[in-house]
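A note on names: the letters A, B, ... follow the listed sequences, proteins ahead of strands, and every chain is numbered from 1. Note that this is a predicted model, so its numbers are computed, not measured.
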2 protein chains.
Amino acid sequence: MSDSTVSSFSAQSSMNALWQARYGTKPPAQPLPESPVARSLMAHRSVRHFSPAPLPEGVVEAAIAAAQSASSSCNLQAWSVIAVRDPARRARLARIAGDQAFIAQAPLFLVWVVDLSRLEHVGHAQGHALPGLDCLDTFLGGVVDTALAGQNAAATFESYGLGLVYVGAVRNQPEAIAAALGLPPRTVALFGMSVGYPDRARPTPIKPRLPQAMVLHEERYNPATATDEASINAYDALLAASRAGGKAWSASVVARLGDVSALHGREQLPAALHALGFVLGKA
Amino acid sequence: MSDSTVSSFSAQSSMNALWQARYGTKPPAQPLPESPVARSLMAHRSVRHFSPAPLPEGVVEAAIAAAQSASSSCNLQAWSVIAVRDPARRARLARIAGDQAFIAQAPLFLVWVVDLSRLEHVGHAQGHALPGLDCLDTFLGGVVDTALAGQNAAATFESYGLGLVYVGAVRNQPEAIAAALGLPPRTVALFGMSVGYPDRARPTPIKPRLPQAMVLHEERYNPATATDEASINAYDALLAASRAGGKAWSASVVARLGDVSALHGREQLPAALHALGFVLGKA
């Protein structure tokens, strides 16, 4: 199918059409049960060109209510989120986070923060030290909490016709982000999220993904399907031909991971986390 | 409101009713814009009692298509998922993961895996070493990828009337889980997910969360609202009175983090990750 067709898919498209756009292959023989929620999620694309239109009232409150409704490990709720609307602050954060213009362009930049600070405070208030805070697993639980929350917010924004993009580049310079946002010790920005109405003049197509058989295993991990050469070659070709990709997947993996300089500072993350007050335990 | 009322809330309830159930307070003055997706997400509860009824055809394929449609850092797609249906294997995994009976009871147990193995294979196939794999940030990116995917799957399952619970206890003994599922080096189970129809005889109420003002900050992190004593006291009382909580939040934080023995082995996670082939870099 042509890319102009792909970019027209939306949550109003059929489950089968969205499957075809995502995988570039026919849907499975058994029918996919109808679900407006699944259609909305399957229609996701990362939007990097925004209209200047403001967000409607109440959408942030609804998105954060959905975020807080996500599961949380042991109900620790180990995250916070900073809503940055001020244009000057967004411009500054854009410079810190990889010079990405859309951070300054979109009316809202949410910074999703792993937050063990609140828990430390609760322990102190009860007169308890909390040695469990100094374990890698507790940090990881906070990362998962934050990501589940962020994804519920993302799904909610998209359900209102808004677009968004995750911004991992807030981890390029975590200490600079912390300083700009006044983050206390034991907190770190995990990802940002630019939110606004998509620029209709620059629509974004759906990005194809690896075949489902490469990521979904039955009963036990199957190394043969996970790294099937023919499937990787087919995906390389699909992505290279897509306006959303434009490059073979294998080549992009090597470009990202073949040299640590491509990580733009993120290779220093252990030192940054230490400086931000996290203790991740030792092997 | 009574707990029996709370447990009757569903994706068909109004946005305002779901807000009230989640926070125990009136919704904000500005109206929450209507969204069936947001209502479905806000109606989430962790289900731990399942009917033996099998899953309908096609729901797993749809859930994984939604999972793969979530954002992925640099499109690395650094995750896999194992669908465990065999009752004997579920019973074995239940024993490894904290003796939780619902893992054996629900017809499906999904194990969500951070997967850098596939990327390493892609590098080898192209004749490239990938030093970027040996960075904490790359592992964290995989954790975020996995969590975003898992949450899209969770939202899809719930949209079909299915229930689920996240199972962090797969990290109690990551090497035993890896052995049971044949996981290759550079993969680790991040969380499990039991999925099935909820047991109607044992409905689960919505669990109240911290007030939104404690987690949502405007422009900069506000330590005063993040740790507001009156808000924590009110939440402690709300949760203690709820059938979904039954205990003050502050007390449960101290119970979980006040002694590393409460982590049930997860304090050994750095060593387990090392044994599973991960190199997380040094501070």
| said: Give me the atom names and distance for the closest heavy-atom approach of A/Cys135 to B/Val260. | reply: SG-CG1, 3.9 Å
| For A/Pro31, does its backbone N or O pair with a side-chain atom of B/Glu57 as donor and acceptor, under 3.5 Å? | no
| field | Euclidean distance, B/Leu210 CG relative to A/Gln77 CD, rounded to 0.5 Å | value | 4.0 Å
| query | What's the shortest heavy-atom distance between B/Val254 and A/Gly123, and which atoms? | reply | CG2-CA, 4.4 Å
| note | If you tally heavy-atom pairs under 4.5 Å between each of B/Asp86, B/Leu148, B/Val111 and chain A, the highest tally belongs to B/Leu148
| task | Give a yes or no answer on whether the side chain of A/Tyr160 reaches the backbone of B/Pro33 with a donor-acceptor pair at less than 3.5 Å. | result | yes
| task | Could you tell me which non-hydrogen atom of B/Ala38 sits nearest to which non-hydrogen atom of A/Thr156, and how far apart they are? | result | CB-CG2, 3.8 Å
| Spatial distance of atom CG (A/Leu257) from atom CG (B/Asp134) [nearest 0.5 Å] | 10.0 Å
| Taking B/Tyr166 for the side chain and A/Ser73 for the main chain, is one N or O donor matched with an acceptor at less than 3.5 Å? | no
| query | Is there a side-chain contact between A/Leu32 and B/Val59 (heavy atoms, below 4.5 Å)? | reply | no
| Side-chain contact, heavy-atom cut-off 4.5 Å: B/Ser71 with A/Ser46? | yes
| said: What I want to check is whether the side chains of B/Asn75 and A/Arg209 have a donor and an acceptor closer together than 3.5 Å. | reply: yes
| remark: If one checks every heavy atom of B/Glu34 against chain A at 4.5 Å, the contacting part turns out to be backbone
| Per-residue contact mode, B/Tyr23 against chain A (heavy atom under 4.5 angstrom) | side chain
| task | Examine whether an atom of B/Ser72 lies under 4.5 Å from a heavy atom of chain A, and if so say whether it belongs to the side chain, the backbone or both; otherwise answer neither. | result | both
| Largest heavy-atom contact set with chain A, pairs under 4.5 Å, which of B/Ala272, B/Ala70, B/Pro36 | B/Ala70
| task | Report yes if the side chains of B/Val37 and A/Phe157 come closer than 4.5 Å at any heavy-atom pair, otherwise no. | result | no
| query | Considering only heavy atoms, which portion of B/Ala153 lies under 4.5 Å from any heavy atom of chain A: side chain, backbone, both, or neither? | reply | neither
| query | If you look at every heavy atom in B/Leu76 and A/Trp249, which pair is closest and at what distance? | reply | O-CZ2, 3.5 Å
| remark: Value for CG (A/Leu280) from CG (B/Leu269), rounded to nearest 0.5 Å, stands at 10.5 Å
| At a heavy-atom separation under 4.5 Å, does B/Trp79 approach chain A through its side chain, its backbone, both, or neither? | both
| query | Quick one: of B/Ala83, B/Ala147, B/Gly58, B/Ser159, who has the most non-hydrogen atom pairs under 4.5 Å with chain A? | reply | B/Ala83
| field | Short side-chain to backbone donor-acceptor contact, A/Arg22 and B/Ala65, under 3.5 Å | value | no
| Is chain A contacted by the side chain of B/Gln212, its backbone, both, or neither, given a heavy-atom distance below 4.5 Å? | both
| task | Can you tell which part of A/Leu263 gets under 4.5 Å to a heavy atom of chain B, answering side chain, backbone, both or neither? | result | side chain
| said: Can you tell me which portion of B/Leu239 sits under 4.5 Å from chain A's heavy atoms? Options are side chain, backbone, both or neither. | reply: side chain
| query | B/Val215 versus A/Arg118: any side-chain heavy-atom pair under 4.5 Å? | reply | yes
| query | Which distance, rounded to the nearest 0.5 Å, do you find between the NE2 of A/His121 and the CD of B/Glu229? | reply | 7.0 Å
| message | If I measure from the heavy atoms of chain A, does B/Ser250 come under 4.5 Å with its side chain, its backbone, both, or neither? | response | both
| field | Nearest-0.5 Å distance that lies between atom CZ in B/Arg256 and atom CG in A/Leu130 | value | 12.5 Å
| query | With a 4.5 angstrom heavy-atom cut-off, which part of B/Pro56 approaches chain A: side chain, backbone, both or neither? | reply | neither
| Given a strict heavy-atom distance threshold of 4.5 Å, which part of B/Ala155 is in contact with chain A: side chain, backbone, both, or neither? | both
| field | Separation of A/Gln68 CD from B/Met214 CE (nearest 0.5 Å) | value | 9.5 Å
| remark: Heavy-atom closest pair (B/Glu61 atom, A/Trp19 atom, distance to 0.1 Å) is O-CZ3, 3.6 Å
| query | Charged N to carboxylate O under 4.0 angstrom, B/Glu219 versus A/Arg89? | reply | yes
| request: Heavy-atom distances under 4.5 Å only: say whether B/Phe278 touches chain A with side chain, backbone, both or neither. | output: neither
| Checking B/Ile232 against chain A: side chain, backbone, both or neither under 4.5 Å from a heavy atom? | side chain
| said: Is B/Met42 close to chain A through its backbone or its side chain, or both, or neither, when contacts mean heavy atoms under 4.5 Å? | reply: both
| request: Heavy-atom pairs under 4.5 Å with chain A are the metric here; pick the option from B/Arg171, B/His217, B/Glu158, B/Glu218 that has the most. | output: B/His217
| field | Interchain contact, A/Asp115 with chain B, by part (heavy-atom threshold 4.5 Å) | value | side chain
| Proximity breakdown for B/Asn222 and chain A, heavy-atom pairs closer than 4.5 Å | neither
| task | Check whether any side-chain heavy atom of B/Asn152 sits under 4.5 Å from a side-chain heavy atom of A/Gln151, and report yes or no. | result | yes
| task | Kindly say whether B/Leu183 contributes a backbone atom to a donor-acceptor pair with the side chain of A/Arg220 at under 3.5 angstrom? | result | no
| message | Heavy-atom cut-off 4.5 Å, strictly under: side chain, backbone, both or neither for A/Leu190 against chain B? | response | side chain
| note | Between B/Tyr221 and A/Gly182, the two heavy atoms sitting closest are CB-O, 3.6 Å
